[in-house]
Amino acid sequence: MSRFAELLDCFFYRPDEEVGPFLELAPEVEGVPESVVAEVPEEFLAFELAGETYAVPIAVVREIQKVGDVTEVPRAAPNVIGLINVRGEMLPLYDVKVRLELAGQPPVVRTKKDVGRGARVVLLRDPEGDAGILVDRVQGVVKLALSRLESAPNLGLERDAVAGIGRKDGRLFILLDLEQALS
Amino acid sequence: MAPPRALEEFVTEANEILETLSRELFVLDQQRGKEPDPDRLNAVFRGAHSLKGLAAMFGVDRLSRLAHRAEDALDALRLGKVPLDDRMIDTLIETLDMLQAMLARVSAGTSAPDLEVGADHLQDRLAELAKGRSLPAGDLLEQVGIDPQIRAVFTEYEEHRLRENVKKGVGLWKVRAVFGLDDFDTKLAALNARLKPLGEVVSTLPSSRPGDEASIAFDLVFGSGQSKSAIEAALDGATLSTLTTREGPVEVTPPPGPALSLPPQPRSPVPRPAPRWDDVSGSGLTPLAEPTSTSGLRLSPESSLRSLTQTVRVDIGRLDALMNSIGELLLIRSNINRLAESARQVGSGVALPKLWGQELQREARALERKLDELQKGVLDVRMVPLGQVFDKLTRLMRRLVRESGKDVDFAVSGGDVELDKLIVEELSDPLMHLLRNALDHGIEPPEVRRLHHKPSRGTIRLKAREQGNQVQLEVGDDGGGMDESRIRQVAVERGVATEEQTREMDRRDLLNLVFLPGFSTREDVSELSGRGVGLDVVKTNLARLSGLIDIDSRRGDGTTFTLTLPLTLAIIRALMVSVSGRTYAVPLSAVMEIASVRHADLQTIERREVFEVRGQTLPFVRLARVFRLPEVERERSFVVLVGLAQQRIGLAVDELIGQEDIVTKPLSGRLRAIPGVSGATELGDRRAVLVLDIGALMEELSRPQAAAS
Amino acid sequence: MGILSTHKVLIVEDSRATRELLAAALSGLDGVEVHTAVSGFEALKVLPRHRFALIITDINMPDINGLELINFVKKNPHYKETPLFVVTTEGRPQDRDRGLQLGASEYVVKPFEVADVSALVRRYLKLR
């Protein structure tokens with residue numbers, strides 16, 4: 001990338017930031033043996049949180065962004081990492097790891113230097129107001145048949161932010177209950 | 001019931017009709033006792049008529065029925081069957097209020113069983129008023145011999161107007177004018193304007209001219225007592241001929257009928273105890289009349305003067321200007337694209353010609369200019385004249401004045417000053433509150449005024465004027481003024497200030513005590529004062545609009561409240577401050593002054609830090625502590641003095657960064673409840689910066705438990 | 001439907017909401033192109049620009065009233081064959097008689113069901 005292209009790049013909004021992972025990583029639909037009723041699998045966005053793979057329905061994903069400046073919001077709920085500016089819109093950035101008991105306390109994130117290289121902000125549509133969640137890495141889009149989702153096993157943990165479990169090719173996808181995860 | 005989208009259309013249009021009605025009724029109200037302008041009466045009639053039809057179309061039957069009754073009464077009125085007396089005007093104004101209340105319910109989607117009784121009552125009264133004498137038999141118009149062909153297209157009203165002209169014995173003329181098809185409306189309006197001073201245009205009949213596609217002829221039926229030559233002088237090319245078969249003015253003896261004016265309804269003011277708050281005005285007990293309204297419609301605490309719609313009506317010219325800016329922005333975009341393309345082709349690592357950089361810089365500057373223009377344009381679109389809310393206030397004040405039994409002039413000026421739609425909407429309630437206060441507590445009863453050698457008729461003023469990027473509003477009265485010693489006494493009694501404190505205060509600070517919560521209490525507020533809230537709420541509401549309120553009052557001369565507001569909430573000037581490495585924006589409208597305070601000079605009162613500025617001791621509030629941020633040990637702080645009078649506090653910050661014009665954006669729904677933060681703005685580096693809500697912060701800090709932490 | 005078989009209908013009505021309601025209903029009809037005017041004057045301006053298959057007018061309007069408009073239309077050799085509906089709140093028999101005497105084809109009193117007017121329009125346009 002040339003110096004000038006780089007200059008323009010930080011000035012303008014790049015479409016690849018929001019759709020990139022969708023296009024590159026969307027796996028082909030598996031050759032599911034034709035069953036009596038062919039079910040159209042749902043698309044989910046899969047991402048990594050503390051080494052585990054989580055997923056949310058593609059329909060609620062607004063876009064995916066690199067981590068930029070995050071403004072601390074005093075006296076906000078503890079799972080609010082801060083405020084981010086999405087092309088003029090001021091949206092809260094949430095940590096879901098504490099809620100999922102993957103971490104003791106939310107990270108302090110103020111700039112991109114505070115997160116790992118793969119970290120992304122997943123912007124979610126929500127009737128209560130759109131919000132971002134911080135994820136360690138975006139894995140891609142996965143198609144899961146709704147009828148084959150399992151409910152979360154009782155592991156003696158209070159994980160009510162988990163809506164269910166999906167499996168594909170031996171991989172485990174934990175489906176996030178957004179309402180709970182952001183509360 | 002119509003679908004929601006259509007219902008919205010209905011509410012918008014019905015609202016417009018009611019606004020027009022309100023304006024016209026207001027003029028009729030002001031000109032009580034005078035011969036009403038027939039055009040104005042007809043306009044009011046048309047309003048009721050349109051509303052009836054509109055409401056019926058959209059299935060809002062209750063509203064349609066009441067509008068129908070009003071239409072009947074107005075029809076009888078414009079046809080001269082009934083007189084325009086006080087009873088009629090009062091009933092029409094009450095009907096208008098009721099229609100507005102009903103529309104508000106329709107808009108909110110709630111039912112209105114509580115309005116039923118009042119509406120029924122009004123309908124009965126309107127029906128009673130519509131009963132007039134029948135028109136005289138033996139048609140005058142046949143006597144004077146008017147072409148039945150012309151009469152065939154006359155509405156009943158036009159016939160009536162013609163008849164009135166015949167009765168007056170003026171000449172009836174036919175004015176024929178031929179205009180081009182493309183501009184006949186303006187030409188016709190100009191002709192009408194020239195004719196109006198000479199008489200009355202009863203009807204306008206278009207007729208085609210065979211063989212001439214590009215023009216259209218109009219026959220105006222014109223009644224005038226002027227000579228033929230005087231009328232012809234005003235015609236400018238149109239031709240004049242007599243309408244009647246007889247030449248010259250027609251002499252007709254008007255048929256006997258009842259006199260057109262009835263004596264006004266007597267009023268009997270019932271004295272009742274005045275509210276205690278009133279004591280401050282120094283005018284003693286104020287006898288207040290019971291409202292004469294019998295419709296049962298009162299302003300309930302939740303009723304508001306706010307508009308029912310979120311719509312802004314925009315001058316098309318403003319939108320065109322926006323469109324132009326966007327066109328130019330697109331041009332700049334393509335230029336930048338072109339530059340980017342040429343940079344890409346040159347490839348990386350190769351130095352680009354200097355010219356390229358200059359060109360890019362030029363485009364960037366043009367982009368900035370155009371964006372500024374666009375922003376200004378969008379702000380312009382949000383601006384609406386204050387007249388919109390002034391009209392409503394005027395109408396309500398007329399009614400309140402009538403009900404109060406006081407003799408008061410209400411003078412309004414500056415309705416053409418424009419403000420952000422949002423601010424205008426939010427202003428109506430605080431202004432109403434101040435106006436009611438002026439009426440209830442400010443203006444003395446006529447006998448008291450006479451005793452003080454003042455004209456028995458009091459004056460309440462509402463004035464707006466633009467000052468730079470602010471608007472100043474004044475609500476003033478020439479009443480009894482506020483009694484400083486009484487304020488002092490009340491303040492001490494209610495524990496708002498200590499006796500010692502009040503003695504040290506200057507007049508202005510003392511007067512400003514009335515804005516403190518707890519100064520006026522719920523029980524004190526008279527029914528007329530309305531909402532059971534004091535001036536503290538007015539002040540808080542204004543603070544939410546980044547506005548300030550000040551008070552000036554002199555015993556015997558009256559009281560004036562001055563409200564200062566920014567032109568728009570969308571862009572405000574803010575002081576950027578830094579605390580523990582974080583940046584915050586403080587709206588400049590809340591900043592009174594800035595000081596630098598050495599921590600060594602701080603003292604404590606009941607373990608709360610205070611500092612002194614020009615002899616005044618003020619709370620020293622560390623923003624870092626309020627926001628629970630890690631504090632940096634330092635020798636001195638900058639103190640931003642915010643607030644008003646006694647409620648002033650010093651907000652301690654680490655550094656002052658400077659002033660900026662900022663666009664405040666609301667926080668997403670999930671963060672709306674963050675106390676002390678009104679929104680966020682983005683800085684040049686696109687970082688989000690929180691904007692402090694000074695009103696909320698002050699409120700929070702004045703609560704005892706918060707101050708202790 | 002080809003362009004030649006499009007029927008242009010002019011709605012003259014000063015109430016915006018009612019106008020839009022009617023216009024929306026009539027534009028739903030196949031082969032109907034709706035034009036609107038907010039006043040008698042605007043109608044006078046629009047009339048010569050198109051060949052209307054049908055005119056629908058209100059009576060009580062600013063500038064010239066609906067009766068005057070009917071009179072104008074029915075006396076003009078270019079338009080006099082155009083069917084004309086009155087749509088109004090003036091429901092008294094004498095109002096109705098006047099409208100019909102001046103040459104209106106139908107006299108519809110408000111409030112009306114939009115579907116009924118729509119059906120009426122369809123019937124008239126097919127007749128022609």
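Numbered from 1 within each chain, the chains take letters A, B, ... in sequence-line order. Just so you know, these numbers use all the heavy atoms, side chains as well, and skip hydrogens, waters and symmetry mates.
Closest non-hydrogen pair, B/Ile674 versus A/Pro74, comes out as CG2-O, 3.6 Å.
Listed options A/Asn85, A/Leu83, A/Leu91 were ranked by heavy-atom pairs under 4.5 angstrom with chain B; first place goes to A/Asn85. Contact tally against chain A (heavy-atom pairs below 4.5 Å) for B/Leu671, B/Thr583, B/Thr681: the top residue is B/Leu671.
Distance check, rounded to the nearest 0.5 Å: CZ of A/Arg110 to CZ of B/Arg687 gives 11.5 Å.
Between A/Arg75 and B/Val626 there is a side-chain heavy-atom pair separated by less than 4.5 Å. Put simply, the side chain of B/Leu690 does not reach to within 4.5 Å of the side chain of A/Glu72, judged on heavy atoms.
Counting heavy-atom neighbours within 6.0 Å of B/Gln659 CD, excluding the residue itself, gives a total above 12. Residue B/Glu368 places its CD atom among 12 or fewer non-hydrogen atoms of other residues, nucleotides or ligands, all under 6.0 Å distant. For B/Arg634, the CZ atom sits in a packed shell: over 12 heavy atoms of surrounding residues, nucleotides or ligands are nearer than 6.0 Å. Within a 6.0 Å sphere centred on CZ of A/Arg125, other residues, nucleotides and ligands contribute more than 12 heavy atoms. With a 6.0 Å radius and a threshold of 12 heavy atoms from other residues, nucleotides or ligands, B/Gln358 has its CD atom above the threshold.
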Exercise for the section: Mind running side chain to side chain contact (heavy atoms under 4.5 Å, CB included) on A/Thr71 and B/Val689 for me, showing each step along the way? Expected result: CA-CA 7 Å; A/Thr71 300; B/Val689 164; 5.7 Å; no
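Using a 4.5 Å cut-off between heavy atoms, A/Val70 makes no contact with chain B at all.
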